[in-house]
Student: 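Quick one: structure below, then a few questions.
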Amino acid sequence: MPVAVGRLWCMAPTIMMNSPLDIHRLQGTADLLPAESFRWTQAEQVIRGTMLRFGFGEIRFPVLEPTELFARGTGASTDIVQKEMYTLTDRGGRSLTLRPEGTPSVVRAYLEENLGSQRPVWKLFYLGPMFRAERPQKGRYRQFHQFGAEMIGAASPESDVELIALGHTILRDLGMNAVRLHLNSIGSPDARRAHNEKLLAFLEQPDVFQKIDEDCRRRVQTNPLRVFDCKNEECVRILRHAPTIDQFLTAEDQEHFARVRHGLETLGIAYDLDPRMVRGLDYYTRTTFEFKTNLLGAQDTVCGGGRYDLLVETFGGPATPAVGFASGIERILAAVGESDVAPVALPRLDVFVCGLGDNARGLTAAILSRLRGLGLSADTDFLGRGLKAQMKEANRLAARLALIVGDDEIARGRFALRQMDGGGQSEIPADPSQWDKGLFVGVNA
Ligand code: ATP
Ligand code: MG
C-alpha cells in the first residue's frame with residue numbers, strides 16, 4: 001500500500017497512490033528537530049565533560065535486557081516492575097524489557113565483565129533513553145532520557161559526598177541554579193528491621209489501614225517503607241504520624257550520615273533533611289538524596305540517588321558497596337527553559353555559496369568540499385533558484401558570508417564574497433586550491 005506520512009513518501013514497488021497513512025508517534029515520546037536537538041547535544045556535552053572531570057568513565061549498555069534483570073535489580077515490589085515496564089516476548093519465547101532505568105544494567109555489566117577483580121573502585125556513568133509505561137503528562141514521558149552515575153566498590157561517606165557533589169555540579173553547569181538537595185539516611189538492615197516492625201504496627205491499625213489507598217495497602221504486604229513514596233495527599237497526611245527511620249538508625253549509620261552531612265557542609269552544598277524520603281528496597285542502604293526544583297510544578301525531582309550496598313549481592317556477586325544517582329534530562333531542560341538562562345542558539349553558517357547558472361552549479365560541490373575541508377561550515381542552494389531567493393536562504397541560515405559564483409565571476413576568474421551583516425563585498429580567486437581559512441574568517445566570526 002503506497003502511503004504518505006506528512007511529507008515523507010514511501011512507495012510500494014509497483015503502484016503509487018496518495019492516500020495518507022494515519023501514523024503518529026506514540027504518546028509520551030517526542031521528535032526533536034534541529035534547534036531543540038542542538039540544545040540536547042550541548043547539554044549532553046556539559047554532562048559528559050563534568051562526568052569526565054570527576055573521573056567517571058562512560059558505560060554503554062543495551063536498551064533491551066532480559067526482564068529478570070529488572071524484576072530482581074529494580075525490585076518486584078516497585079511501581080516500575082509492577083506497572084511501568086515495556087515487556088515483550090521474542091521469537092524464542094524469552095521475556096525482554098526495554099530498560100526503565102540504568103542501575104541494574106550497570107551492576108550486571110560489573111559482574112559479567114568481572115570488573116571487581118580488575119580494580120577496587122569503579123566510577124561509571126551513562127546517558128540515554130529509558131522507557132516506562134506511565135500516564136504521559138508534563139515532565140513524565142514514556143521514552144525519556146536519563147544520565148546517571150554509579151560508584152561501585154566504595155563504602156565511605158566521602159563517596160556519597162562525591163556523588164552528590166557530582167550531581168550538584170552537573171545541574172549547576174547545565175544552568176539549573178534553583179535546585180534544593182533533600183537528604184536522608186535509611187540506615188542499615190538492622191535499623192530497617194526495627195523501623196519496619198513499628199511502621200507495620202502503625203499501618204495495620206484499622207483506622208490507618210482503611211484510609212490509605214490501594215497502592216499503599218499493597219505496600220503494607222510487599223514493602224512497607226515504600227508507603228513514604230506515595231503522592232496521594234490523603235496518604236501523605238496520614239503518614240505524617242508514622243514512625244520515621246531516623247529514630248532507628250544504628251550508631252554506625254548515624255556516624256556515616258554525620259560524615260556525609262559534614263562533607264556537604266564543607267563544600268557549601270545546602271540541604272534539607274527529609275526523613276520521609278526513601279528508596280524502599282531491601283538493597284538500598286543509608287544515604288538517599290534528591291534534587292528538587294520549584295520551577296516545574298508536580299514533577300519537581302530532577303535527580304534521585306542513594307547508596308545500595310546490597311544490590312551486587314542480590315545478583316549473586318560478592319558483598320560490594322555502591323552509590324549512585326539518575327537524573328531526568330527532559331525535566332532539567334524544561335526547568336532551565338523556565339529560568340532566565342539565555343537559550344543556546346544554533347551556530348551561524350560560515351559561508352553560503354550562491355551558484356547562479358549551470359556552469360556555477362557544476363562547480364559548487366568542489367567549492368563546498370574545499371570550504372568544509374578548511375573547517376568552515378558551508379551550504380548552498382539545491383533548487384536552482386535566483387540570487388534573491390538564495391540570499392534569503394543565506395539569511396535564514398544566519399550565514400556570515402555569501403560566496404557568489406555566476407557566469408561573470410567564472411569568466412573573470414574571481415568570485416564575489418559578500419559580508420551578510422552589511423560589511424561590504426570583496427573578491428577572491430576562483431581557484432579553491434588557492435584558498436586558506438584566513439580568507440573567510442575574521443569577519444564577524
Ligand atoms: P517520580 O517519583 O517522579 O516518578 P522516580 O522515583 O520514578 O520519579 P527515578 O527512577 O529515581 O524516578 O528516576 C530518576 C529521575 O528520572 C527522576 O527524578 C526524573 O527526573 C526522571 N524521570 C523518571 N521517570 C520519568 C518519566 N517518566 N519522564 C521523565 N523523566 C522521568
Ligand atoms: Mg516514577
Side-chain angles (χ1 to χ4, degrees), residues 26-30 32 40 43 47 70 73-75 77-86 97-107 125-150 163-164 166-168 170-171 174 176 178-184 186 215-216 219 223 225-233 235-236 274 276-281 283-284 287-308 311 323-338:
L26 299 173
Q27 251 202 323
T29 67
L32 298 185
W40 277 70
I47 294 162
F70 305 109
T74 304
S77 72
T78 56
D79 284 354
I80 292 180
V81 172
Q82 300 241 324
K83 1 181 222 200
E84 295 174 0
M85 293 205 298
Y86 281 106
T97 291
L98 285 171
R99 61 184 190 196
E101 61 154 341
T103 307
S105 300
V106 176
V107 172
F125 81 91
Y126 58 84
L127 193 163
M130 303 291 162
F131 303 84
R132 296 187 194 174
E134 303 198 70
R135 191 172 66 78
Q137 54 194 290
K138 188 169 175 257
R140 200 175 282 292
Y141 309 99
R142 292 183 171 169
Q143 176 174 342
F144 63 101
H145 298 75
Q146 281 185 340
F147 61 89
E150 319 283 356
L163 262 288
I164 295 172
L166 172 62
H168 184 258
I170 292 179
L171 292 173
L174 288 171
M176 277 214 69
V179 282
R180 191 79 193 164
L181 172 63
H182 293 241
L183 189 67
N184 189 21
I186 58 167
D215 275 344
C216 280
R219 289 173 182 135
N223 191 338
L225 193 60
R226 287 190 63 83
V227 295
F228 289 114
D229 254 354
C230 188
K231 301 197 169 79
N232 178 319
E233 275 175 30
C235 294
V236 171
D274 182 352
R276 287 181 180 77
M277 190 189 58
V278 298
R279 304 229 131 206
L281 291 171
Y283 45 75
Y284 285 113
T287 316
T288 60
F289 61 93
E290 282 184 356
F291 286 97
K292 288 176 184 263
T293 171
N294 55 12
L295 293 170
L296 289 179
Q299 318 312 330
D300 60 351
T301 305
V302 289
C303 176
R307 179 160 280 289
Y308 51 95
L311 182 56
V323 56
F325 69 73
S327 193
I329 299 181
E330 282 82 358
R331 287 189 198 171
I332 292 174
L333 292 184
V336 173
E338 294 292 318

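Values below: every heavy atom of this structure, side chains too, minus hydrogens, waters and symmetry copies. Just so it is clear, the structure is predicted and the values come from calculations on it, not from any experiment. Both counts, for ligands and for their atoms, begin at 1 and track the order of listing.
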Student: Can you list the residues that meet the ring-ring contact (aromatic ring centres under 6.0 Å, His included) rule with Phe70, with sequence neighbours excluded?
Tutor: none
Student: What atoms in ligand 1 come closer than 4.0 Å to a heavy atom of Gly328?
Tutor: 15 (C), 16 (O), 20 (O), 21 (C)
Student: Does the protein place a non-hydrogen atom closer than 4.0 angstrom to atom 7 (O) of ligand 1?
Tutor: yes
Student: Which residue holds the protein heavy atom closest to atom 22 (N) of ligand 1, what is that atom called, and what is the gap in Å?
Tutor: Phe144 CE1, 3.5 Å
Student: Check whether any side-chain N or O of Thr293 sits under 3.5 Å from a backbone N or O of Ala178 as a donor-acceptor pair, and report yes or no.
Tutor: yes
Student: Ignoring hydrogens and angles, tell me if any N or O in the side chain of Arg276 forms a donor-acceptor pair with the backbone of Phe228 under 3.5 Å.
Tutor: no
Student: Do me a favour and list the nearest non-hydrogen protein atom to atom 11 (O) of ligand 1 with residue, atom name and distance?
Tutor: Arg279 NH2, 3.0 Å
Student: What are the atoms of ligand 1, with element, lying closer than 4.0 Å to any heavy atom of Val302?
Tutor: 18 (O), 20 (O)
Student: How would you list, by chain and number, every residue that makes a ring-ring contact (aromatic ring centres under 6.0 Å, His included) with His168, sequence neighbours excluded?
Tutor: none
Student: I'd like to check which ligand 1 atoms, numbered from 1 as shown, lie under 4.0 Å from a non-hydrogen atom of Lys231.
Tutor: 1 (P), 2 (O)
Student: Using a 4.0 Å cutoff against the non-hydrogen atoms of Gln146, which atoms of ligand 1 qualify?
Tutor: 13 (O), 14 (C), 15 (C), 16 (O)
Student: State, with a plain yes or no, whether a side-chain heavy atom of Leu171 is found less than 4.5 Å away from one of Val302.
Tutor: yes
Student: Got the closest protein heavy atom to atom 12 (O) of ligand 1, with its distance?
Tutor: Arg132 NH1, 3.8 Å
Student: Which protein non-hydrogen atom lies closest to atom 18 (O) of ligand 1, naming both residue and atom, and how far is it?
Tutor: Thr301 O, 3.2 Å
Student: Verify, without hydrogens or angle tests, whether Tyr283 (side chain) and Thr74 (backbone) share a donor-acceptor contact under 3.5 angstrom.
Tutor: yes
Student: Are Asp215 and Lys83 ion-paired here, with the side-chain N under 4.0 Å from a carboxylate O?
Tutor: yes
Student: Tell me, which protein residue and heavy-atom name are nearest atom 28 (N) of ligand 1, and how many Å apart are they?
Tutor: Tyr141 N, 2.9 Å
Student: Less than 4.5 Å apart, side chain to side chain, heavy atoms only: is that true for Thr97 and Phe131?
Tutor: no
Student: Just which atoms of ligand 1 are under 4.0 Å from any heavy atom in Gly139?
Tutor: 28 (N), 29 (C), 30 (N)
Student: For atom 27 (N) of ligand 1, what is the nearest protein heavy atom, given as residue, atom name and distance?
Tutor: Glu134 OE2, 2.6 Å
Student: Below the 3.5 angstrom mark, is there an N/O of Ile80, backbone or side chain, next to an N/O of ligand 1?
Tutor: no
Student: Name the closest protein heavy atom to atom 19 (C) of ligand 1, giving the residue it belongs to and the distance to 0.1 Å.
Tutor: Arg331 NH1, 3.4 Å
Student: For atom 1 (P) of ligand 1, what's the nearest protein heavy atom and its distance?
Tutor: Arg140 NH2, 3.6 Å
Student: Going by side-chain contact (heavy atoms from CB on, under 4.5 Å), Gln299 matches just one of Gln137, Glu330, Lys138. Which one?
Tutor: Gln137
Student: Under a 3.5 Å distance rule, please check whether Arg180 uses its side chain to pair with a backbone N or O of Phe291 as donor and acceptor.
Tutor: no
